[in-house]
Amino acid sequence: MATVKLSFSPAPVHVRTARLVGVAVARRAGVREDLLDEVRLAIGEACTRAVALHRQYGLAEPVYVEMSDGGSYTVRVVDRAPIEAGLGLAALGPDELAKESLSEDALTTGVGFALLAGFVEDLQVRPVDEGVGTEVRMAWPAGRA
Amino acid sequence: MATVKLSFSPAPVHVRTARLVGVAVARRAGVREDLLDEVRLAIGEACTRAVALHRQYGLAEPVYVEMSDGGSYTVRVVDRAPIEAGLGLAALGPDELAKESLSEDALTTGVGFALLAGFVEDLQVRPVDEGVGTEVRMAWPAGRA
Amino acid sequence: MELSLATHAVGEHTVLSVGGEVDVYTAPRLRERLIELIDGGAHHVVVDLGRVDFLDSTGLGVLVGALKRLRSAGGSFALVCDKEPLLKIFRITALDQVFPLHPTVDAAIAADSAGA
Amino acid sequence: MELSLATHAVGEHTVLSVGGEVDVYTAPRLRERLIELIDGGAHHVVVDLGRVDFLDSTGLGVLVGALKRLRSAGGSFALVCDKEPLLKIFRITALDQVFPLHPTVDAAIAADSAGA
Ligand SMILES: Nc1ncnc2c1ncn2[C@@H]1O[C@H](COP(=O)(O)OP(=O)(O)O)[C@@H](O)[C@H]1O
Ligand SMILES: Nc1ncnc2c1ncn2[C@@H]1O[C@H](COP(=O)(O)OP(=O)(O)O)[C@@H](O)[C@H]1O
């Protein structure tokens with residue numbers, strides 16, 4: 001089982017690096033070409049969320065991404081923010097999205113989760129096993145036929 | 001000081017990932033465009049060397065790459081092989097390179113070091129601080145003017 | 001790859017053509033430009049996403065911000081997009097029901113002028 | 001990006017055109033192809049690096065391997081390369097003094113035929 005691990009300071013510019021790596025490793029793991037746009041978007045959303053949380057809580061610690069290739073292509077994005085995250089977030093409907101009172105940040109977060117949930121069939125969001133933080137775990141079918 | 005860390009199973013395919021990341025982070029760190037080919041080549045050579053050593057010694061442990069951006073762009077490539085490496089290696093001359101008795105592996109290693117030494121002005125090869133292994137440390141001027 | 005932004009006027013409308021990647025790193029530049037345009041008097045804005053390679057939630061947030069800003073000022077805002085992968089992003093987020101989406105700039109301007 | 005390999009014959013010579021990245025991951029395919037050609041009877045081989053984007057020590061090792069194999073069999077081996085970044089790699093490693101390097105396939109074949 002090949003594994004690639006990436007960690008980066010919580011800055012927006014590195015989210016692009018994470019997308020780049022995530023898609024390169026997916027391609028090499030044999031994820032279908034027509035799924036790679038989803039992989040790119042989903043890894044980007046998970047990392048964007050993690051970076052936003054680290055900045056919001058003033059955490060200089062790195063965001064951690066682990067890509068592994070054993071049967072399926074699995075990507076874990078780990079943040080260290082002291083919140084209880086989950087997939088519980090109800091998707092925002094068009095009326096809520098258009099409301100003046102919804103801040104751009106809240107909208108972006110809601111839309112980010114909608115994209116994750118919409119594009120990743122095999123998605124888990126749960127507290128990390130040790131310490132503080134949340135893990136977003138995504139998996140796609142892989143393996144060269 | 002922004003830092004990106006990458007570790008990967010010692011397989012040739014991931015050397016491409018390391019090159020990709022190393023150049024992306026270099027570009028974002030403000031390394032001059034005309035140096036990027038050298039950055040790509042040098043990171044590739046350092047990682048190729050590390051992967052070859054891990055395979056030679058049957059080590060499943062990951063190869064570790066750290067890119068940091070503080071004044072200069074510094075890349076450390078760390079292997080875990082039980083050898084005493086150094087820059088002591090004399091460059092091979094044309095006669096030696098062409099000798100039948102020099103194996104392809106030995107030639108590749110010698111050529112790899114020649115490329116590192118030839119392309120990286122600020123290069124160090126030294127034992128890791130803790131445990132077993134060697135660190136190849138390379139630096140390039142960075143910072144957007 | 002890099003974000004590109006170009007503006008031109010078509011009658012009452014200001015068309016902002018966006019290219020490259022609109023993500024958490026570049027979205028602030030898009031936000032700035034949209035605010036500049038609106039503060040500078042643009043009242044009817046059409047954003048052409050035709051050359052966008054990548055769009056994430058941050059980019060979508062910026063677009064919704066511009067829509068709200070213009071609506072509350074009595075202006076109008078529309079998007080031009082005809083690429084299926086991008087359209088899917090709008091459908092999945094239900095933002096296809098928030099934005100006027102058109103396949104071409106001409107269609108966006110015609111629809112907006114008829115509605116105005 | 002990916003390695004591409006194409007062979008054609010020019011008189012006595014076999015020309016192997018290489019494209020893409022020749023590195024630790026792809027060099028084994030180049031080695032295989034060269035051995036196939038030589039075992040299949042190619043005696044005068046010209047490797048055209050014109051469309052190579054990236055070449056590392058592993059790729060260079062494979063090329064030297066082919067050179068030695070052909071020389072010891074009484075054949076010949078030459079490289080075609082006219083890109084400065086690649087030429088610099090040959091100079092830095094002193095391999096410019098090991099390989100016959102030519103700017104074009106025609107020049108490589110002419111020089112090799114004259115020398116033979
Ligand atoms: N390359 C890395 N960069 C940053 N942090 C890392 C890295 N490798 C491991 N870690 C940290 O150590 C934790 C445990 O790592 P590891 O033992 O590899 O994974 P696991 O969570 O599967 O036990 C990770 O969740 C991460 O926070
Ligand atoms: N992302 C990572 N992936 C794999 N190993 C890691 C990672 N981060 C740290 N390590 C391991 O832990 C060691 C110490 O890491 P760290 O404390 O970040 O660096 P430093 O060597 O500067 O103290 C590294 O040399 C490496 O072997």
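Letters A, B, ... are given to chains in the order of the sequence lines, protein chains preceding strands, and every chain is numbered from 1.
- Of the atoms belonging to C:Leu67, not a single heavy atom falls under 4.5 Å from chain A.
- Interface remark: A:Leu41 contributes backbone and side-chain atoms alike to the contact with chain C (heavy atom separation under 4.5 Å).
- Contact count versus chain C (heavy atoms, under 4.5 Å) is highest, among A:Gly44, A:Ser103, A:Pro94, for A:Pro94.
- With a 4.5 Å cut-off on non-hydrogen atoms, C:Phe54 touches chain A through its side chain but not through its backbone.
- Both the backbone and the side chain of A:Val13 come within contact range of chain C, with heavy atoms under 4.5 Å apart.
- Counting heavy atoms from C-beta outward, C:Val24 and A:Val51 have side chains that stay 4.5 Å or more apart.
- For C:Arg69, no part lies near chain A; criterion is any non-hydrogen pair under 4.5 Å.
- Residues A:Glu104 and C:Val62 form a side-chain contact, since some pair of their non-hydrogen atoms from C-beta on lies under 4.5 Å apart.
- With a 4.5 angstrom heavy-atom cutoff, A:Arg19 touches chain C only via side-chain atoms.
- Put simply, CD1 on C:Ile92 and CD on A:Glu38 are 7.5 Å apart, with the number rounded to the nearest 0.5 Å.
- Remark: of the listed residues A:Leu116, A:Thr109, A:Thr108, A:Leu107, A:Thr108 is the sole one forming a side chain to side chain contact (heavy atoms under 4.5 Å, CB included) with C:Ser57.
- Taken to the nearest 0.5 Å, the CZ atom of A:Arg16 stands 5.5 Å off from the OG1 atom of C:Thr26.
- The number of heavy atoms from other shown groups lying within 6.0 Å of CD (C:Glu12) does not exceed 12.
- Of the inter-residue distances, the one linking C:Leu95 atom CG with A:Leu92 atom CG reads 9.0 Å to the nearest 0.5 angstrom.
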Go through C:Leu60 and A:Leu115 one step at a time and tell me if the side chain to side chain contact (heavy atoms under 4.5 Å, CB included) criterion holds. CA-CA 11 Å; C:Leu60 291 168; A:Leu115 289 172; 4.2 Å; yes

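- Under the 4.5 Å side-chain criterion, counting only non-hydrogen atoms from C-beta, C:Gln97 is not in contact with A:Leu97.
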